[in-house]
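Here the structure comes first, spelled out in structure tokens, and everything after it is commentary.
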Number of protein chains: 4
Amino acid sequence: MEKKFNKVVLAYSGGLDTSIIIAWLKENYGCEVIAVAADVGQKDELEGLEQKALNTGADKFYCLDLKHDFVYDFIFPAIKANAKYEDKYLLGTSLARPIIGKKLVEIAKKEGADAICHGCTGKGNDQVRFELAIKAFAPDMPIIAPWRVWDIKSRDDEIDYAEARKIPLKINRETNYSKDKNLWHLSHEGLDLENPANEPKYDEILELGVSPEKAPDTPTYITITFEKGIPVALNGEKMDGVALIEKLNEIGGANGIGIIDMVENRLVGMKSRGVYETPGGTILYKAHADLEEITLDKYTQHFKQKVSLELADILYNGYWYSPLTEAINAFVDKTQENVNGDVKLKLYKGNIMEAGMTSPTTLYSEQTASFGEDDDYNQADSAGFINLYGLPIKMIAKAKEHKL
Amino acid sequence: MEKKFNKVVLAYSGGLDTSIIIAWLKENYGCEVIAVAADVGQKDELEGLEQKALNTGADKFYCLDLKHDFVYDFIFPAIKANAKYEDKYLLGTSLARPIIGKKLVEIAKKEGADAICHGCTGKGNDQVRFELAIKAFAPDMPIIAPWRVWDIKSRDDEIDYAEARKIPLKINRETNYSKDKNLWHLSHEGLDLENPANEPKYDEILELGVSPEKAPDTPTYITITFEKGIPVALNGEKMDGVALIEKLNEIGGANGIGIIDMVENRLVGMKSRGVYETPGGTILYKAHADLEEITLDKYTQHFKQKVSLELADILYNGYWYSPLTEAINAFVDKTQENVNGDVKLKLYKGNIMEAGMTSPTTLYSEQTASFGEDDDYNQADSAGFINLYGLPIKMIAKAKEHKL
Amino acid sequence: MEKKFNKVVLAYSGGLDTSIIIAWLKENYGCEVIAVAADVGQKDELEGLEQKALNTGADKFYCLDLKHDFVYDFIFPAIKANAKYEDKYLLGTSLARPIIGKKLVEIAKKEGADAICHGCTGKGNDQVRFELAIKAFAPDMPIIAPWRVWDIKSRDDEIDYAEARKIPLKINRETNYSKDKNLWHLSHEGLDLENPANEPKYDEILELGVSPEKAPDTPTYITITFEKGIPVALNGEKMDGVALIEKLNEIGGANGIGIIDMVENRLVGMKSRGVYETPGGTILYKAHADLEEITLDKYTQHFKQKVSLELADILYNGYWYSPLTEAINAFVDKTQENVNGDVKLKLYKGNIMEAGMTSPTTLYSEQTASFGEDDDYNQADSAGFINLYGLPIKMIAKAKEHKL
Amino acid sequence: MEKKFNKVVLAYSGGLDTSIIIAWLKENYGCEVIAVAADVGQKDELEGLEQKALNTGADKFYCLDLKHDFVYDFIFPAIKANAKYEDKYLLGTSLARPIIGKKLVEIAKKEGADAICHGCTGKGNDQVRFELAIKAFAPDMPIIAPWRVWDIKSRDDEIDYAEARKIPLKINRETNYSKDKNLWHLSHEGLDLENPANEPKYDEILELGVSPEKAPDTPTYITITFEKGIPVALNGEKMDGVALIEKLNEIGGANGIGIIDMVENRLVGMKSRGVYETPGGTILYKAHADLEEITLDKYTQHFKQKVSLELADILYNGYWYSPLTEAINAFVDKTQENVNGDVKLKLYKGNIMEAGMTSPTTLYSEQTASFGEDDDYNQADSAGFINLYGLPIKMIAKAKEHKL
């Protein structure tokens, strides 16, 4: 190790990786280690974390409750933008990383730490997301990424390392899917999923809900209320965003909703395959997009599709704390001023079916939609419209006939 | 009527509209009427059509089998491009209109007709789609659109008109959903659907299949084989495109797949609500998009998303016979050269779940996707990547700190 | 005329068209006519307008000074967005129309008028721009567009009409280019320009300045200061936007700057050819775009290029008063927060050459740009960057070699 | 050096960098060095190169004439696409790199070399462009980039290194602008240009032509003929692409044309400032874009603007040998089928002014462009067009008034 550090802030999860990193940091840098856990809704994974951190050598422990900010500053903007990466992925992991990165800097500054460490693999996106967030708030802060530099190459190596140092861990040599859990989603990678030819073993994989086959035989109806593009009530009951998502995860999961199987393009260049569970998120995205159908005008709706693609890339790539994000969010927020109303959905064995929606700010006119008579639309106008709209096609045809 | 016509080609469906149009044309122009029906897979609607046309006054009748061209020249390009209008609509009606328009011109030229007539309403998209196709091949051909000019304003008016002239029709004064059917889809508009607050009465509406609730309790697995982006086999059996879609409609319909409920923006300016049944199409789009995940590289995949949006608009708007379509198809076809392989899907009560895929031209590397060691990817490279990728963010941060 | 109107607000310019329209409106509707002139900087064209309007039959006359709003609400947003239609046209006419349309509605409401009339041709864009603005503020207001309905077909017809009615006009039967003038630009269409094969006769055409050949042999240096993307000072002197543009028109015009010759695609479907003089505007666009080079980060700069294209279309098409415009302006304004600084330019015989720029919020780092040593950039990082950035290309190559 | 190589192919220019790299390679790897020079039109820089290479230690020398391929496979596609990086840069260096990279692989394979070496700095784009091209054809070929690994940090270090080893070079310790020259352009970076506040000293910088001030006082008229988007003749004389560009460089340079001063965003993350001379290229881009105004329809023209932005990024970033490039070129080539005709331009002291154009495949209709009567356009149609085009705006307005 060329550089020396006195105090290092570690993004700590309590898993095998970050547990042995505490020892590795101390061994290599002789530094104090401040373990920082971020509560973004991963629930049981947080239990007993402080004790674990201290037992495995951390000098200090923080657990930051980021759930509210995660929902209001990240999840809701993603819903408003309808941002999906590669048309499928609801960005569960991506959304949580920037805020954690930002908080690590805050703790590092408060503690006078001289480096930040994370346990992300060198083959994944999360290292980028963490580090870009860190650069955005501490551009010269050294970052330590053990997986990119140490000799440990596998889970077995890690366990050997821990045992050799008598790091007190309940160790299980059986491998498992690589997971990332938060309020918004749970992801699964690795093992048999690494071959795209394999059908996912959902019975073993799913944790946030059940597969469609195991969902109830009767549908569940729900109604979600939006104000300016943000979900504010479920079945008429006003709810805080965190509670709303937790409730929808429960309902959606029970109905087999929000299971995604995809091969995606990581920012760092390779394709990887993952299974995502996002029960509440899938419902919210759908409800919101439906409501936009009656509350956004055509031109806004169409251009917003292109902006969505850009925001999805930004989010996936961890480019969140940037002027472009701010500008895109300003665009999106403006479009959402009219996105108000109630969306009723029928949940049934993996399906989310529209069951009617209303909006106090609807742009839908039943009179004009209908094929009957109309005060606002004169059918004879269509002839002129078509003639002008089709003029370029007519001119091309006449040019071919040498009539221009 | 200011102009006079001797012979008019009529796009004929055998419904109430085009039946009375025959009489109306003769009454107003004293012209011969050539009724032209296009077989784009609407099946039973075609039965007895010739007799009906002649009985109601047509001087001549054509029925053109356009199914093959419809599939290979329109549906397959749409699948290859993944073109969805407003993220939902698989363009069922839009895809069929241009080819019919083109064929009307061919018949008109062959017959020496001096005008073409269609029965589309003045509030819909189809008038545009027909007329742009006509302009592309006969830029100066007069077009007669009775709904934009006559005094008939409703179904009742039509029936009165027919009865007054003793036009021999089996007339039913009960209204029904307005439908459009072809090999690719069946659409439903009107009645209670005109209010977006109403949940669709699927038991009354669905014709191509059943609702998820009524689908079987056991899943159906299928495998679709693609060559250069085109589906060529089902469950290992090579099939012609028409037969393949018919078969998938049957399987998909039985499993409650491909039901869409949306409010869309018509080209002519208003929002309208429709229910679409596209069982086979929904399966094909999904299978194709999945296969692209492992056969297209990231940059092609991402830019193609934007091209898709453009092609969807072109198709929806009837701008098909245009230089832009040709150029976009050239782009898409080039991207599809590598899109080969087998996609296995599990169909279950409205769900289409990925069940594994393989490709002889895959770009997916299990070794590189895995978090383990790798000949093609050196984790240490990530540090450099992140530093350069994040350099703009670092510079912004340093500028804020006045360190540039 | 099927409808009756009592009081009509007329967009009045004092030209031949709007002069005879006063008579035509009275003759056809027996209505009061309120002539409304909008001062958007056309200067001498406004002289004696009130007398002229009243002499030719108007019942009331308004002249609204819209210069300030034109600059701050339309021109500056266009500069900030770098909106150019078809890569050339700085939108001179387009930018002025919406605000006039909006003001016509305000006068119509104040006066209790029951229709609004404009003198735009049925072949141009301005009819659309006016009418969309009117619809945005008075969706049910009847609009009268005489050129689309009357029998007058040419300038000669107009003169005959005026002479027959003894309308007191200084009439000149010689035709001239069709022009539109305002603070931002002067456009020329018609006559020999209608054939794109003809070189424009600039000696006869140019009014706001001279051709490059006639410009001085010595260059003029100027410095423009921007704050949040808006030009606020010239050569260090703070100036109001209207005065700044007037001054730049003078300087730019004298130096042969801002002459554009193009064939553009009108919204109403045909191609048309025009010559535009936009001396000050051309300087401002260039200065602003240059400054963005050092004050916007790469990702914002690149995505903003796409947003610019959209805003240019919106502006050209008269879709200004719309939710999409508001959202795009919110995006653009956010990007401009960092666009501050001084841009020095050398103007010489039609050329605008960069002569150095500085910004208190620059993102440019001389140290990092230089090929020498650097605290913020480690050259060794490039290897990792290239390996990851090029990974998709490597994988494609390996797939071709069947090594995946 | 961890790896050992026996034979290394070196991209050789004969400059100081690649001269000492020969010695450095031999010293560090004990390998044979094959020096490969690529003739992409840099003329005098190629003189005596073989002798120089052998004198400074190369074991073998190749000089490949790539001018024809450079023009037809890179420059012409860029012109057809109208690809400009960040709206200014005509991609002079970017276009030449991929083909050189590809040829290096060909020589390496032919010679059985086990590595490829280039002399690009670790802070620039060219390292990426070379290496991506190499990866595309030899995904596992080791690449040696001395500037990223050796201890030499400056020109002075290089000279010391050369003198210590008695490498026979005509050495000049005075620094100069960093240049890149080829048939298409000449770029200048470094020294006083590194501060964007400095006005370029064009008298010292320019080599391909003169500044506008020094250009002749009388204009030069030229006519360029295009076939399918490719320039094929100058002033009526058919010319090969290489000769045509050389001739236009001469004419353009003499008239002070094609000087660009910009701060651009490098792919590797920083902003850098350069001055580019592209006299012939600037003329060709303008002539081609002008011709598209009358030969492309509106929708193709508008969407092509977006495709151009993408291709410019691809070219700049060296992502040329990729499926996306192939697909985009297929798109562009399709659009160019109609781009035929003659463009006359007036060159005068830095200005390129349109002087008339004609096309056998024009889409421009003088009749329809004119405001007079017209067989193809009925002004009354505009009313219908505006009503439908403006319907969303009307609906938004009515929604605000609670009238929907």
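Each chain gets a letter, A, B and so on, in the order its sequence line appears, and its residues count up from 1.
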Atom group of [X] that falls short of 4.5 Å from chain A, counting heavy atoms:
X	result
B:D217	neither
B:L191	neither
B:D376	neither
B:M353	side chain
B:E401	side chain
B:I386	both
B:E86	both
B:I393	both

message = Suppose a student defines contact as a heavy atom less than 4.5 Å from any heavy atom of chain B. Which residues in residues 141-148 of chain A would they list?
response = A:W147, A:R148
key: Interface residues of residues 343-350 of chain A facing chain B - heavy atom cut-off under 4.5 Å   = A:K346, A:Y348, A:K349, A:G350
Contact origin within A:R155 toward chain B - heavy atom pairs under 4.5 Å = neither
ask   = Is chain B contacted by the side chain of A:N198, its backbone, both, or neither, given a heavy-atom distance below 4.5 Å?
value = backbone
request  = Would you confirm whether B:Y377, through its side chain, and A:G122, through its main-chain N or O, come within 3.5 Å as a donor-acceptor pair?
outcome  = yes
ask   = Would a distance-only check, ignoring hydrogens and angles, find a side-chain to backbone donor-acceptor pair under 3.5 Å from B:K271 to A:S365?
value = no
query = Between B:G390, B:A397, B:A355, which has the largest tally of heavy atom pairs under 4.5 Å with chain A?
reply = B:A355
Closest-packed option against chain A by number of heavy-atom pairs under 4.5 Å, given B:G124, B:S178, B:A136, B:G318 = B:A136
inquiry  = Under the rule for ring-ring contact (aromatic ring centres under 6.0 Å, His included), what residues qualify as partners of A:Y319, not counting sequence neighbours?
reply    = B:Y389, C:Y299
query = Quick one: side-chain contact (heavy atoms from CB on, under 4.5 Å) partners of B:D126, sequence neighbours excluded?
reply = B:T93, B:R97, B:C120, B:R129
